[in-house]
Structures are given as structure tokens and as C-alpha cells.
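Please read the structure below before turning to the comments.
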2 protein chains.
Amino acid sequence: MERRRAETRGEIISAAWELARETGLVPLSVRRLAQQVGMRAPSLYSYFASKDAIYDAMFAEGQIQLARTIDAYRQPSRAGLRAATHAFFDFCVSDPVRYQLMFQRTIPGFEPTPESYALAIDNLERIRAQLVSAGITSSQHHDLWTAIVTGLVAQQMSNEPEGRRWRDLVDEAVDVFSDHTGLVDEPESTSDNKEPT
Amino acid sequence: MERRRAETRGEIISAAWELARETGLVPLSVRRLAQQVGMRAPSLYSYFASKDAIYDAMFAEGQIQLARTIDAYRQPSRAGLRAATHAFFDFCVSDPVRYQLMFQRTIPGFEPTPESYALAIDNLERIRAQLVSAGITSSQHHDLWTAIVTGLVAQQMSNEPEGRRWRDLVDEAVDVFSDHTGLVDEPESTSDNKEPT
DNA sequence: GTCTATATGTGGATAGAC
DNA sequence: GTCTATCCACATATAGAC
């Protein structure tokens, strides 16, 4: 049965996340992962061709979760950018292992397959489209903004994983960047929901 | 002789950098390192108590190099901040292995010793002092600036290791940040090297 | 000081029985 | 499908001879 197999694969990946959060992503071992799901190591190879295939499935899962997170925020305004940035910030900080797998390339030998990497590209395009819809069209501004946001995230995670010292700077960063790029507080509404002054 | 010993230690660390740049920092093995310096693995243990001790010496060396880099830039002005930022940017990007060891914590099990970590603290203080001398005293602004700079560095290294796409945004970032914090183009000179207008 | 030899452990992955 | 048994490569680190 095809369906049972997919379920088991899901359980394995789920256990892999759990284990990686305990012991780290690199030291994750096939043996211990098998033990975690009540199997022996060789049985895992009926579900995944290799350890890297497991990393790859985790990578893809993270990208899909990120896609959902991004798609939940679509207001083209300064307030919308603020909300989306907070959401992205929390997505990263809430799961350091997922962050390491998706955004840092520190697992020796692992590279995502083209299929999984395409999901990452899709997400970059999602972000780009949101910035464009907010009126930020310059690719330099896109690059600057992604650098600022990932910089805040990285500082928070590496210096104060449980705190909010850099998270509390997100609003200020949004304002600085918005002032610089001319992003206004409300979207230029083409409709009639504004009172005349 | 004490001096010969220190020299050999230096050669080992030098070879370790070289090897890590070829094979990566995590897969660095004591055997191959010994081979690189013309020894057998056990002999290395006369110079370093463990593999982590080797990482630690590399970490300390990187921090000392960073200290020298920082100390070369002391002009308290927007132009000075620009120069210092470029220097820091190049310091990071020019040696990804060193960057991974110093700023990312992705080597399983390794933590710097208190002595080496103190060097890292010293460098943070150096950077803080430079920002203060440039007139930027708010700790929030310090945090925001370090996030922006490390964000630019990280994007450059992970997306385009050989390019200059994010490096070319450094000047713009300096300007945006300087405008936001009120950092002027020239230091408030207390002397007389300015022509009257 | 440097070596040989080895202890001791880990890991990913496969063959072949049930 | 899952297991036992095993291969094989590789790791860090130590004992003890020279």
C-alpha cells in the first residue's frame, strides 16, 4: 500500500526533527533515528535511500512551511511589511535546527536535490513579489532588506537564543528601511475606503 | 627548547587552516593534519591536548587577526565608519572557514575556552568603542548596526561567495544608518584644520 | 619526540535470512 | 518489510618501544 509507506516516511522525518533538536543536525545518526521510530537501521533504507535523502526531505518540509508562512501575509504597506517581517523572524528563531538546515550550509556533504532547491527558489520569488507589491521594486533594495532581516535573525539566534533583544529592533528596522525606500504607512488605495479630509 | 615548540605549534595551526579550507572545518581529521605537517597522528598530541584544542587555537588566532583589523580603523566619522565596515566585510568574506569558526557555532561539540572567548569579548568591546567614538551611543543602534553588517556578510557568503552583490550595498547601508542616527560626514573637529566659509 | 601498534568508538550502508 | 550480521571506512586518543 502506497499510503502506509508515505505515513511511515512522515513519522521518520518527524522523529528526525525531534532527534536533531536534541543532539544537533550533524551528529544525527541513522542508527539512533531508527531506534527512535522503533526500527533497526537497515529498515530505514526501505524508506530513504540515504542519510542525505532524509536531510533533503526535512529541507523540503521546511521550505513548504515557510511558503505557508509567507503566504499568510500579503498587505502591501509598511504595516504589512512589519507583520510579515515579524512572522519571518519568528519562523527562523522558533526552530534553530530548521534554520540551520534551510539557511546555513554547514552540513558536510549535503546539498538539496534540484526538486527541493526549487522550493527554496519559489520562496525567494514569493518574498520578492511581496516587496514589489509593497512598492519596493529595486533589486538592490530587496538585497538590502533581506540582509537586514537575516542579520537581525542571526544576531538574535547566536547571541541570545531565548531573548528578544534583536526582535525588538524589527519595527525600527522596518521604519528605517521604509523611510529610505519611500514606503508609506498605508497602501495607495485605489478604492474609496478613505474619508475625505 | 620552548621556542621550537611554539614554532611547531604555529606550523600545525597554519596547516590546519590550509586543510580546513580544502576539506571543510568539521571533517578536518587529526590524521590528515599530521600527514600535512609530516608527522603521524599521535605526535600531534605532544603539541595539542585534543582536536578541540586545535580548533581553539585557530579561534584565538582569528580573533587576534580581527583585533588588528579593527584597530587599523579609528576615524570617528561617516567616512570612517564606511572604511571600517568595508574592512570588516572583507575580513569575513575573504576567509569563509575562519568566519564559520569565529561567528557561526556549527562545529559539533566545540566551544572556545574562556581564554579564547575573552578575545572575542574584547573585539566586541573594540567595535562598541568605535561606534561610541563616532557618536553612536545607543546600545539599540549598536545592535541594529551589527545586525545589518553581519547580515550583508552572510548574504554575500551564502549566495554569491565570489561576487560583490552585497558588498556593493555597504555604502548605502552606511548612509541609511548614518542618516538614521545623525552621524555626520565629518567628525566634529575641535581643531582648526577647516577653512572658513 | 616520534614512532608503531592498537584500543575503542563511531558512522553509513549492504547481503541475505526469515 | 524487517531483521541479524557484517563490511568498511574513518575517527580520536593512548600505551609503550625506540
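In what follows, every chain begins at residue 1, and chains take the letters A, B, ... in the order their sequences are listed. Values below: all heavy atoms of this structure, side chains included; hydrogens, waters and symmetry mates excluded.
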Round to the nearest Å and state the distance from [X] atom [atom1] to [N] atom [atom2].
X     : N      : atom1 : atom2 : value
A/R4  : D/dG1  : CZ    : P     : 9 Å
B/R40 : D/dT12 : CZ    : C1'   : 17 Å
B/E11 : C/dT2  : CD    : P     : 11 Å

Determine, for A/D171 against A/R78, whether the closest basic-nitrogen to carboxylate-oxygen distance falls under 4.0 angstrom. no
Between B/E125 and B/R128, does any side-chain N to carboxylate O distance fall below 4.0 Å?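 Result for this pair is yes, salt bridge flagged.
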Which of residues 41-61 of chain A have a heavy atom under 4.0 Å from DNA chain C?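 Here the set is A/P42, A/Y45, A/S50, A/K51.
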Expected output is a numbered-order residue list: members of residues 25-38 of chain A with a heavy atom under 4.0 Å from any atom of DNA chain C. What is it?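 Under 4.0 Å from DNA chain C: A/L28, A/S29, A/V30, A/R31.
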Hey, is OH on A/Y117 packed in by over 12 heavy atoms from elsewhere, all under 6.0 Å?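 Atom OH in A/Y117 is not crowded, with 12 or fewer foreign heavy atoms closer than 6.0 Å.
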A/R98 side chain to A/F91 main-chain N or O, any donor-acceptor pair under 3.5 Å?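 Yes.
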Would you kindly confirm whether A/F48 and A/V26 end up in one hydrophobic cluster when ILVMFWY residues are joined by side chain heavy atoms under 4.5 Å apart?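 In one cluster with A/F48: A/V26, yes.
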Applied to residues 49-77 of chain A, the salt bridge (Lys or Arg N to Asp or Glu O under 4.0 Å) test, sequence neighbours excluded, yields A/D71-A/R74, A/D71-A/R126
Do B/Q36 and B/R32 have side chains that approach each other closer than 4.5 Å (heavy atoms only, starting at C-beta)?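 In short, these two side chains do not touch, never coming nearer than 4.5 Å.
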Which of parallel (below 30°), tilted (30 to 60°) and perpendicular (above 60°) describes B/F177 and B/W145?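 Correct class here is parallel.
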